[in-house]
Amino acid sequence: GSAFADGGHYFLPEGGLTLDGRATVNGIRVTLCLNGQTLTGKAANRTFFILGGGELTICDCSEHETGKVVAQGVNKENGGSIMIGSKSTLNLQGGTICGGSVKAGVLGGNINIVGNAAGNGVLNMTGGRITGGSADENVGGNVYISGTLSMSGGQIDGLVVVANTG
């Protein structure tokens, strides 16, 4: 998970990028421009884990905005593609997040936004698309929210589950 360990700005190269393990964004800021390419996550423990106050911004600066984050592993943990931990943030400005899948009893086929006594995880969605996530036995849907979702643009397809936090 050290692909983005130093923080900073990254552009996917021609032909895309495959991650065999998960990329951890821990207490740092990372901006990833998909550049019209595909980032494929093969890990069985999500593609991105944002924690410790980390912030990941995903955008697509290509002309036709065809960039994707595709999770191929079936996850045994919450958040098949991306887990947003407490006090951490995902800014989705462009690109498509797809393919996340989790086992029965696990929450958030594509994205899990954590909310707990330590603080809320936050998804700020101003563009892009979240689609194709699944959870066995319909637990957790495509996006599972116990934290905060702020959405002023973009599209979420499929089941969105909001936790009963009261």
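This one's a predicted model, so the numbers in the text were calculated from it and none came from an experiment.
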Can you give me the closest heavy-atom contact between [X] and [Y], atom names plus distance?
X	Y	result
I113	V122	CG2-N, 4.0 Å
S81	A71	OG-CB, 3.4 Å
T66	G36	OG1-O, 3.3 Å
L12	N35	O-ND2, 3.1 Å
P13	Q37	O-CG, 3.2 Å
G95	D60	N-CB, 3.9 Å

Gap between atom [atom2] of [Y] and atom [atom1] of [X] - 0.5 Å precision:
X	Y	atom1	atom2	answer
M125	S150	CE	OG	11.0 Å
I50	M83	CD1	CE	10.5 Å
E55	N124	CD	CG	8.0 Å
F11	S62	CZ	OG	11.5 Å
H9	T31	NE2	OG1	4.5 Å
L92	I97	CG	CD1	5.0 Å

(request) Group every Ile, Leu, Val, Met, Phe, Trp and Tyr by side-chain heavy-atom contacts under 4.5 Å, then state whether M151 and I111 land in the same group. (result) yes

(request) Give the cluster check for L56 versus V70: same hydrophobic cluster or not, with ILVMFWY residues linked at side-chain heavy-atom distances below 4.5 Å. (result) no

(request) Sequence neighbours left out, what passes side-chain hydrogen bond (donor to acceptor under 3.5 Å, both in side chains) with T38? Give chain and number order. (result) none

Taking the side chain as everything from C-beta on, heavy atoms only, tell me whether [X] gets closer than 4.5 Å to [Y].
X	Y	result
D6	I28	no
I130	L123	yes
F48	L39	yes

(request) Could you give me the CA-CA distance, side-chain angles and deciding distance for L149 and V143, then say whether side chain to side chain contact (heavy atoms under 4.5 Å, CB included) is met? (result) CA-CA 10 Å; L149 170 64; V143 178; 5.8 Å; no

(message) Assess, by modelled atom type and distance only, whether the side chains of Q93 and N91 contain a donor and an acceptor separated by less than 3.5 Å.
(response) no

